[in-house]
S.K.: 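Input: one structure, supplied below.
Below, all heavy atoms of this structure are taken into account, side chains as well, without hydrogens, waters or symmetry copies.
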Amino acid sequence: MVKKIGIYGWTFIITILIVGISAATVYFMFSTPSSEEKAEVNQEQTKAEDIDEETAEKIKEVQATVGAEHRDLGKFISTVHEFYNDTTGYGAIDHLNWEEQRKMADDILSTLSGFIETASDENLKSDLQDIQRLANAVKEEKGAGHVRNLHRYFHDLDIALNQYSNYRQVWNVTKTLAAE
């Protein structure tokens, strides 16, 4: 025996359908990158350089000299690079937690000054000063570009100082890896 649903039943069913369709629409609108965003990602990826033999050789040389002299800095670089991998990777750069990013910028600034003073390599010192400027910019304004650039600096320095090997590209933002 089939019971009638009634006006309240139909109202409930229609409301659930509208809410479900609306939620799905909003989810797909904001989670699927637009063609402009896809173009920006493709452009960003082409800016990175794939590793060739010459770059790989340069990386080994920097790791053997600069990396060996700055082990404590290397540990710091590795920790911060991991933070940026976790908080900006796989599209998370579009949905940053600014409180978390500003806290990391504070941590970077409080730790970095000692490393800048003791850095024996001028290119590394210059890179650390660039990081310092970017961290200050993150504290002052919500700019995903600043966070992206910080991530790239830490990525390249992790390669230079720690033999970080989980990479296919070098962003070539640092003077440390570009040094001849």
S.K.: Considering non-hydrogen atoms only, spot the tightest contact between D156 and V173 and give its length.
M.R.: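 What the structure gives for the nearest pair is OD2-N, 3.3 Å.
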S.K.: Does the pair D72 and T118 meet the rule for a side chain to side chain contact (heavy atoms under 4.5 Å, CB included), with working shown?
M.R.: CA-CA 11 Å; D72 290 338; T118 60; over 6 Å; no
S.K.: Please state whether the rings of Y84 and H151 are parallel, tilted or perpendicular, taking 30° and 60° as the class boundaries.
M.R.: parallel
S.K.: Pairing donors with acceptors under 3.5 angstrom, does anything connect the side chains of D127 and T176?
M.R.: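 Yes, because at least one side-chain N or O of D127 sits under 3.5 Å from a partner of the opposite role on T176.
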S.K.: Drop me the distance from K103's NZ to I108's CD1, to the nearest 0.5 angstrom.
M.R.: 11.0 Å
S.K.: Using a 6.0 Å cut-off, check whether atom CD of E82 has over 12 heavy atoms from anything other than its own residue.
M.R.: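 For E82, atom CD is not crowded (no more than 12 foreign heavy atoms under 6.0 Å).
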S.K.: Between atom CG of L96 and atom NZ of K142, what is the distance when rounded to the nearest 0.5 Å?
M.R.: 10.0 Å
S.K.: I'd like to know if the side chain of S78 reaches the main chain of G74, judged simply by a donor and an acceptor atom lying under 3.5 Å from each other, with no hydrogens or angles considered.
M.R.: no
S.K.: With distance as the sole test, does T79 use its side chain to make a donor-acceptor pair with the main-chain N or O of K75 at under 3.5 Å?
M.R.: yes
S.K.: Hey, quick one: are L109 and M104 part of the same hydrophobic cluster, counting side-chain heavy atoms closer than 4.5 Å, chains of contacts allowed?
M.R.: no
S.K.: At their closest point, which heavy atom of V138 faces which heavy atom of H146, and how far apart are they?
M.R.: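 Taking every non-hydrogen atom into account, CG2-CB, 3.6 Å.
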S.K.: What is the distance from atom CD of E100 to atom CG of D86, rounded to the nearest 0.5 Å?
M.R.: 9.0 Å
S.K.: Report the C-alpha distance between L157 and L124 in whole Å, list the side-chain angles of each, state the deciding distance to 0.1 Å, and finish with yes or no for side chain to side chain contact (heavy atoms under 4.5 Å, CB included).
M.R.: CA-CA 9 Å; L157 287 176; L124 177 60; 3.9 Å; yes
S.K.: For atom CD1 of I16, decide whether the heavy atoms of other residues, nucleotides or ligands shown that lie under 6.0 angstrom number more than 12.
M.R.: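 Enclosed.
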S.K.: Using a strict threshold of under 4.0 Å (side-chain N to carboxylate O), is an ion pair present between R102 and D106?
M.R.: no
S.K.: When you compare the side chain of V80 with that of D158, does any pair of heavy atoms fall below 4.5 Å?
M.R.: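 In short, these two side chains do not touch, never coming nearer than 4.5 Å.
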S.K.: Does atom CD (E141) have a neighbourhood of more than 12 heavy atoms from anything else shown, all under 6.0 Å?
M.R.: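 Buried by this count: over 12 neighbours within 6.0 Å.
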S.K.: Check L128 against A119 and note the closest heavy-atom contact, atom names and distance.
M.R.: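 What the structure gives for the nearest pair is CD1-CB, 4.4 Å.
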S.K.: Side chain to side chain contact (heavy atoms under 4.5 Å, CB included) for F76 and D107? Distances and angles first, verdict last.
M.R.: CA-CA 10 Å; F76 171 71; D107 292 348; 5.9 Å; no
S.K.: I need the minimum non-hydrogen distance between W10 and I5, along with the two atoms involved.
M.R.: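 Of all heavy-atom pairs spanning W10 and I5, the closest is N-CG2, 3.5 Å.
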S.K.: So which heavy atom on D130 is nearest to which on Y153, and how close?
M.R.: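 Minimum heavy-atom separation between D130 and Y153: OD2-OH, 3.0 Å.
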S.K.: Could you measure the distance from the CG atom of D121 to the NZ atom of K175? Nearest 0.5 Å is fine.
M.R.: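 The distance works out to 11.5 Å.
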S.K.: For the residue pair A105 and A135, what are the closest heavy atoms and their distance?
M.R.: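 Smallest interatomic distance, heavy atoms only, reads CB-O, 3.5 Å.
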S.K.: Could you walk me through whether T87 and N97 pass side chain to side chain contact (heavy atoms under 4.5 Å, CB included), step by step?
M.R.: CA-CA 8 Å; T87 62; N97 176 334; over 6 Å; no
S.K.: For residues F154 and I131, determine if any side-chain heavy atom of one lies less than 4.5 Å from a side-chain heavy atom of the other.
M.R.: yes
S.K.: Distance check, rounded to the nearest 0.5 Å: I159 atom CD1 versus H81 atom NE2?
M.R.: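 So the CD1 of I159 and the NE2 of H81 are separated by 7.5 Å.
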